[in-house]
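Data block below; observations after.
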Amino acid sequence: MHPKSDFLNILNERGFIHQATDFEALDVRMAQGPLTAYIGFDATASSFHVGSLVQIMILYWLQQTSNKPLVLLGGGTTKIGDPTGKDESRKLLNDDEIQKNIKSLSRVFERALTFGKGPKEAVLLNNAKWIDTLNYPDFLRDYGIHFTINRMLTFDSVRLRLDREHPMTFLEFNYMILQAYDFLELYKRYECCLQIGGADQWGNIINGVDLVRRVSHKTVFGLTTPLITTTSGAKMGKTSQGAVWLNADLLSPYDYWQFWRNTEDKDVGRFLRLFTILSLKEITKLEKLEGSEINEAKKILADAATAFLHGEEAVQEARTTAQELFENHSLNLEEAVLPTIVLTKEELETGVPLIDLLCRLSLTNSKGEARRLIEGGGARLNDAPLKDKLFNLTIASFESQPILKLSAGKKRHGLIKKR
RNA sequence: GGAGGGAUGGCCGAGCGGUCAAAGGCAGCAGACUGUAAAUCUGCCGACGAACGUCUACGCAGGUUCGAAUCCUGCUCCCUCCA
């Protein structure tokens, strides 16, 4: 497969393509000149996590290849709840929560995309704008007529539920119609003729393609990306501390950097292609590294992925801290970007239990967990294992240094300062 | 409307009056080995407490019992069959 258009060529080389409605025709169209494409996102949480990063990268590449990306945040559709891939309906969010989520979600695009009114500038949209004002009977007459139940029942999102004998409400059943309508609306407003989404969105996407053809008699396209898992088959990005969030207030750039640094060997090449904007030439070179040398590639992956999201400055901080922490074992505690707590004089006089410190630094989620960590030998103060679960931190510990490092295991660390 | 089956910890799934904070698996955490990898082995894996322990938890609300995830009643939701 050798696509003629820059965009599809890049996507193809980097492993972004799973399925397309008419790949050849789309390629011809894209080779002719810029086009407008959209990706829709749910507003069910206040931040994206790494699972959505593939789509964000694609928006970036769209813009880099002179196409116009539309970012659609589903203020309207989130109220319905996408049943795709779920066995049970989600609890519904109210308008307030959705509004807040949209605001918080949209920040992620600031660094990846340039927004504006120009031909290749991105536009951020909220489908509540057209969905909230729909009139039920009119909508049914104008668009309901284009959907048959027979066909709707064959879509995975519906069929799997039915097969498993799980209930699907009429509300959820309508989701695909509304997503199809989004595509039509964007076609009319922006001449958007390509929708991209994850592999699970295929059904929703082809419904949109069909609707545009039926209503406007135009051919538009759909393209899906593969579901990204690690080589071990696990879905990417969950830890005991929660999901790998993209917003810095939920996951610090340092932790984000660490996430990529800890990539499995076998995933490095694939992830470099997908989640960084490094040239393929460079990636090919990095992929050839073997044995422990592949760690260099992992660092570059972490740098590049973090830079894309959080900027160069955050990378420097994260990398310096990581290097001192893991390689030189000489952490400059003054400048390290680790979670930090500051203890008052009074606290140090009475003494602060080690267990509390672990919790306050979010190294453990409960006191019991902290206790177990200590018992298991995973707690360290300035790299010295601390097996006394009743240990009390007092001013005495600060005698030789002003800042202490507290660790849970070899990878998670926090700092303790005194006022 | 009638008859029957079901709802268990983040997920899957056993338990069917005491020995149940609930088998087993997955996920997660820590230790060992390594390369901040994988695989493997070991330990941990509801909350609080130094600890005897206390509290919360087997859909919800009551009840029987010395004692209930387990029995009874009502309710909610799901499934199957009949109308």
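The analysis underlying the following values was restricted to heavy atoms, covering all of them including side chains, and did not include hydrogens, waters or symmetry mates. Sequence lines set the chain letters: A, B, ... in the order given, protein chains first and strands last, and positions in each chain run from 1.
Nucleotide B/U40 forms a pair with B/A32, judged by Watson-Crick or G-U wobble geometry with both contacts under 3.5 Å. Base pairing analysis places B/A57 opposite nothing; no Watson-Crick or G-U wobble pair with both distances below 3.5 Å involves it. Within the shown strands, B/G6 is the pairing partner of B/C77 under the Watson-Crick or G-U definition, both distances less than 3.5 Å. The partner of B/A23 cannot be assigned: no Watson-Crick or G-U wobble pair with both contacts below 3.5 Å exists in any strand. Base pairing analysis places B/G1 opposite B/C82; the two distances defining the Watson-Crick or G-U wobble pair are each below 3.5 Å.
Between the P atoms of B/G53 and B/C60, the separation comes to 28 Å (whole Å). B/G25 and B/C79 have their P atoms separated by 32 Å, with the value rounded to a whole Å. Separating the C1' atom of B/C77 from that of B/C41 is a span of 45 Å, rounded to the nearest Å. Spacing of P atoms, B/U36 relative to B/A30, comes out at 15 Å, to the nearest Å. Taking atom P in both B/G6 and B/C72, one finds a spacing of 11 Å when rounded to whole Å. B/G18 and B/A3: their P atoms are spaced 31 Å apart (whole Å). Spacing of P atoms, B/G59 relative to B/A68, comes out at 15 Å, to the nearest Å. B/C58 and B/A21 are spaced 11 Å apart, taking the C1' atom of each and rounding to whole Å.
Comparing atom distances between the A/L390 side chain and each of B/A30, B/G49, B/A50 picks out B/A50 as nearest. Residue A/W257 places its side chain closer to B/U36 than to any other of B/A50, B/A37, B/U36. Of the candidate nucleotides B/C29, B/A47, B/A51, B/A47 has the atom lying nearest to any side-chain atom of A/S366. Minimum atom distance to the side chain of A/K410 is reached by B/A32, of the listed B/C48, B/A32, B/U36. Listed candidates were B/A37, B/G49, B/C29. Nearest to the side chain of A/N262 is B/A37. Between B/C45, B/U36, B/A50, one nucleotide has an atom nearer to the side chain of A/R372 than all others, and that is B/C45. Side-chain proximity of A/K411 to B/A38, B/G31, B/U36: nearest is B/U36.
One interatomic measurement links the two molecules: CG of A/L406 to P of B/A30, which rounds to 13 Å at whole-angstrom precision. A straight line from CG of A/N365 to C1' of B/A30 spans 14 Å, rounded to a whole angstrom. Remark: C1' of B/G35 and NZ of A/K266 are 15 Å apart, rounded to the nearest angstrom. In this structure, CD of A/Q258 is placed 13 Å from P of B/C29, rounded to the nearest angstrom. Atom-to-atom, NZ of A/K367 to C1' of B/C55 comes out at 15 Å; the value is rounded to the nearest Å. Straight-line distance from the CZ atom of A/F326 to the P atom of B/G35: 15 Å, rounded to whole Å. Straight-line distance from the CZ atom of A/R371 to the C1' atom of B/G43: 18 Å, rounded to whole Å. Rounded to an integer number of Å, the gap from A/H329 NE2 to B/U36 P is 8 Å.
Base engagement by A/A322 is indicated by at least one non-hydrogen atom pair under 4.0 Å involving a base atom. No engagement by A/E293 is indicated, since no non-hydrogen atom pair under 4.0 Å with the nucleic acid exists. Within the nucleic acid shown, A/I294 comes within 4.0 Å of at least one base atom, counting heavy atoms only. Contacts of A/K298 with the nucleic acid, taken as non-hydrogen atoms under 4.0 Å apart, include base atoms.
Residue A/E327 places its CD atom among more than 12 non-hydrogen atoms of other residues, nucleotides or ligands, all under 6.0 Å distant.
Atom-to-atom distance recorded for A/L301:CG and A/L286:CG is 9.5 Å, nearest 0.5 angstrom. Going from atom CZ of A/R360 over to atom OG1 of A/T340 covers 12.5 Å, rounded to the nearest 0.5 Å. Rounded to the nearest 0.5 Å, atoms CE (A/M30) and CG (A/L194) are 6.0 Å apart.
When each of A/G376 and A/D265 is assigned the nucleotide of RNA chain B bearing its nearest heavy atom, the one mapping closer to the 5' terminus is A/G376. Between A/N295 and A/L373, the residue anchored nearer the 5' end of RNA chain B, judged by the nucleotide with its closest heavy atom, is A/L373.
Ring to ring, A/W260 and A/F275 are close: their centroids are under 6.0 angstrom apart. In summary, the aromatic rings of A/F221 and A/F23 are positioned with their centroids too far apart to meet the 6.0 Å limit.
When the options A/Y60, A/F308, A/F48 are evaluated for a ring-ring contact (aromatic ring centres under 6.0 Å, His included) with A/F109, the one that passes is A/F48. Just one residue in the list A/R273, A/K281, A/R270 forms a salt bridge (charged side-chain N to carboxylate O under 4.0 Å, His left out) with A/E287, and that residue is A/R273.
Contact check, A/R412 against B/C29: no side-chain N or O comes under 4.0 Å of OP1 or OP2.
Looking at A/E327, its side chain has no donor and acceptor atom pair within 3.5 Å of the base of B/U36.
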